J.: 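What follows is a single structure, and I will ask about it in a moment.
Basis for what follows: all heavy atoms, side chains included, without hydrogens, waters or symmetry-related copies. Nothing here was measured: the structure is a model prediction, and the numbers come from that model. When a residue number appears, it is its place in the shown sequence, counting from 1.
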Amino acid sequence: MSSTFTDYRRISANMPKALDRTASESSVKREVDYYNSHIGDVKSIDDLLADTRLYTFAMKAYGLDDMIYAKAFMKKALTGGLTDANSFANRLSDSRYKDFVAAFDFNTYGDKTTARPEAGKNTVAAYVQQTLESDAGADDEGVRLALYFTRKAPQIKSIFGILADKALGEVVRTALGLPAEVAGSNIDAQAALIGRKLDVASLKDPVALDAFIGRFTAIWDVRNDTTQSPALMLFNPSGPDMDTDLLLKLQNIRLGAL
């Protein structure tokens, strides 16, 4: 039986193979070839922004698809660089912008920026990874979220870092059995609530992270699968008194994991 849990496991169990398969897709290969052939000609921020195809590739590589239209905003982030702690990019809470500016740090490296691996092979690898996650999300958004969270977990330093990233926040709220309405509450109140339920440091432990993702995918399936088992339907996944441990066990039984 297909589910978020089983689909996530299928992909994550052999990530190198999944990435190779994505990289070999004609549409991906075409964009990667174009990027590799032209990025070396980019010597400035304006050069990058002027080539819409290159710029779009780079934005997608760092998960900034939703900001492709905002060239003026991105130019401001790139122009300020990261050296100054008070630069525009450093003042943005969403780490995606810092990742992008770090890869294309013309402020520091000038016309040598695109000769660095950060702008070259690392950006290509990030593009393939993002494409894999996006493709998975086209079938099941929960799989995309699980893959993204697993990739980003080692970099998470605080609860506020989670809350600054919409996708990370959704995974955590789901895994902890918190109602969606929590996302609209005061940021400090959210941090306090999550802090009572989650030790951020534990996410750096592969075993603990795997268990956390297992919890997320189980609850996601129940909240989003209309063909779920009648036994699971007895529980209200969005209710404040949901026993997530029991829910996880029930979901595992449904999937034949126990």
J.: Checking side-chain contact (heavy atoms from CB on, under 4.5 Å) for the pair Glu118/Asp105: CA distance, chi angles, key distance, verdict?
T.: CA-CA 9 Å; Glu118 288 83 353; Asp105 190 0; over 6 Å; no

J.: Measure centre to centre between the rings of Tyr97 and Phe73, then say whether the value is under 6.0 Å.
T.: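 Yes, close enough.
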
J.: Answer yes or no: is there a donor N or O on one side and an acceptor on the other, between the side chain of Lys43 and the main chain of Gly40, under 3.5 Å?
T.: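 Here the side-chain-to-backbone pair exists.
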
J.: Between Thr56 and Arg53 (side chain of the first, backbone of the second, donor and acceptor by atom type, cut-off under 3.5 Å), is there such a pair?
T.: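 No: the side chain of Thr56 does not pair with the backbone of Arg53.
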
J.: Give, for atom CG of Asp188 and atom CG of Leu193, the distance between the pair rounded to the nearest 0.5 Å.
T.: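 Rounded to the nearest 0.5 Å, the CG-CG separation comes out at 12.5 Å.
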
J.: Can you name the closest pair of heavy atoms from Tyr35 and Gly120 and give their distance?
T.: CE2-O, 4.2 Å

J.: With Leu203 as reference, evaluate Ile156, Ile213, Val172 under the side chain to side chain contact (heavy atoms under 4.5 Å, CB included) test and give the passing residue.
T.: Ile156

J.: Is it the case that more than 12 heavy atoms not belonging to Lys75 sit under 6.0 Å from its NZ atom?
T.: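 Result for NZ/Lys75: open.
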
J.: Quick check against the 3.5 Å criterion: does Thr114 have a side-chain atom that pairs as donor or acceptor with the backbone of Ile39?
T.: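 Such a contact is found between Thr114 side chain and Ile39 backbone.
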
J.: Would you say that Met15 contacts Leu147 through its side chain, given a criterion of any heavy-atom pair below 4.5 Å between the two side chains?
T.: yes

J.: Between atom CD1 of Ile162 and atom NZ of Lys157, what is the distance when rounded to the nearest 0.5 Å?
T.: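 Taking CD1 in Ile162 and NZ in Lys157, the distance rounds to 13.5 Å.
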
J.: Establish whether Phe88 and Leu48 are linked, either directly or via other cluster members, by ILVMFWY side-chain heavy-atom contacts under 4.5 Å.
T.: yes

J.: OG of Ser158 to CD1 of Ile194: how many Å apart, nearest 0.5 Å?
T.: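 Reported to 0.5 Å precision, the distance equals 11.0 Å.
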
J.: Report yes if the side chains of Glu170 and Trp220 come closer than 4.5 Å at any heavy-atom pair, otherwise no.
T.: yes

J.: List the steps and the verdict of side-chain contact (heavy atoms from CB on, under 4.5 Å) for Thr83 and Thr108.
T.: CA-CA 8 Å; Thr83 304; Thr108 301; 3.5 Å; yes

J.: Would you check if Asp51 and Val42 make a side-chain contact, meaning some heavy-atom pair closer than 4.5 Å?
T.: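 No - every pair of side-chain heavy atoms lies 4.5 Å or more apart.
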
J.: Begin with the C-alpha distance, continue with both residues' side-chain angles, and end with the deciding distance and a verdict on salt bridge (charged side-chain N to carboxylate O under 4.0 Å, His left out) for Asp99 and Lys152.
T.: CA-CA 12 Å; Asp99 292 342; Lys152 298 291 286 187; 3.4 Å; yes

J.: Is there side-chain contact between Asp7 and Asp139, with heavy atoms separated by less than 4.5 Å?
T.: no

J.: Do you know which two heavy atoms are closest between Ala167 and Arg144, and how far apart they sit?
T.: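 Nearest heavy atoms, Ala167 then Arg144: CB-NH2, 4.4 Å.
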
J.: Does the side chain of Asn224 come within less than 4.5 Å of Glu141's, by heavy atoms?
T.: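 They are not in contact (no side-chain heavy atoms under 4.5 Å apart), so the answer is no.
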
J.: Flag the pair Phe212 / Phe216 as yes when their ring centroid distance falls below 6.0 Å, and as no otherwise.
T.: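 Centroid distance Phe212-Phe216: not below 6.0 Å, so no.
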
J.: Which atom names give the shortest non-hydrogen contact between Gly63 and Arg96, and what distance separates them?
T.: O-NH1, 2.6 Å

J.: To the nearest 0.5 angstrom, please state how far the CG atom of Leu163 sits from the CD1 atom of Ile187.
T.: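 The CG atom of Leu163 sits 4.0 Å away from the CD1 atom of Ile187.
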
J.: Could you pull out the closest heavy-atom pair between Ser87 and Gly81, with the gap in Å?
T.: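 Scanning both residues, the minimum pair turns out to be OG-O, 2.8 Å.
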
J.: Could you tell me whether the side chain of Gln129 and the main chain of Leu19 form a donor-acceptor pair under 3.5 Å?
T.: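 Flag not set: sc Gln129 to bb Leu19 has no pair under 3.5 Å.
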
J.: Can any side-chain N or O of Ser202 pair as donor or acceptor with the backbone N or O of Asp199 at less than 3.5 Å?
T.: yes

J.: Does Asp94 come within less than 4.0 Å of Lys166, counting only side-chain N to carboxylate O?
T.: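 Salt bridge: no.
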
J.: Within a 6.0 Å radius of atom NZ on Lys76, are there more than 12 heavy atoms belonging to other residues, nucleotides or ligands?
T.: no

J.: Report the distance from atom CG of Asn36 to atom NZ of Lys29, rounding to the nearest 0.5 Å.
T.: 10.0 Å

J.: Are Phe57 and Tyr34 an aromatic pair by the rule of ring centers under 6.0 Å?
T.: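 No; Tyr34 has its ring centre 6.0 Å or more from that of Phe57.
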
J.: Testing the basics here: between Lys71 and Leu49, what is the closest heavy-atom pair and its distance to 0.1 Å?
T.: NZ-O, 2.6 Å

J.: Do Lys98 and Asn90 have side chains that approach each other closer than 4.5 Å (heavy atoms only, starting at C-beta)?
T.: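 Side-chain contact under 4.5 Å: yes.
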
J.: Go through the steps for Asp84 and Arg91 under the test salt bridge (charged side-chain N to carboxylate O under 4.0 Å, His left out), then give the verdict.
T.: CA-CA 10 Å; Asp84 182 353; Arg91 286 187 282 113; over 6 Å; no

J.: Tyr109, Phe100: one ILVMFWY side-chain cluster at the under-4.5 Å cut-off?
T.: no

J.: Between Thr79 and Phe106, is any pair of side-chain heavy atoms under 4.5 Å apart?
T.: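 Of all side-chain heavy-atom pairs linking Phe106 with Thr79, none is under 4.5 Å.
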
J.: Kindly work out whether a path of hydrophobic side-chain contacts (I/L/V/M/F/W/Y, heavy atoms less than 4.5 Å apart) joins Leu198 to Leu209.
T.: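 Same cluster.
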
J.: So, for Ile11 and Ala18, which heavy atoms are closest and what is the spacing to 0.1 Å?
T.: CG2-CB, 4.1 Å

J.: Does a side-chain heavy-atom distance below 4.5 Å link Thr217 with Arg9?
T.: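 The answer is no; the side chains never approach within 4.5 Å.
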
J.: Same hydrophobic cluster for Tyr69 and Met59, using side-chain heavy-atom links shorter than 4.5 Å among ILVMFWY?
T.: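 Yes; tracing contacts between hydrophobic side chains, which count when under 4.5 Å, links both residues.
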
J.: Check each of Thr131, Thr123, Ile68 against Lys60 using the side chain to side chain contact (heavy atoms under 4.5 Å, CB included) test, and report the only one that passes.
T.: Ile68

J.: Let me confirm one number: the CD-CD distance from Glu31 to Glu25, rounded to the nearest 0.5 Å.
T.: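 Rounded to the nearest 0.5 Å, the CD-CD separation comes out at 12.5 Å.
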
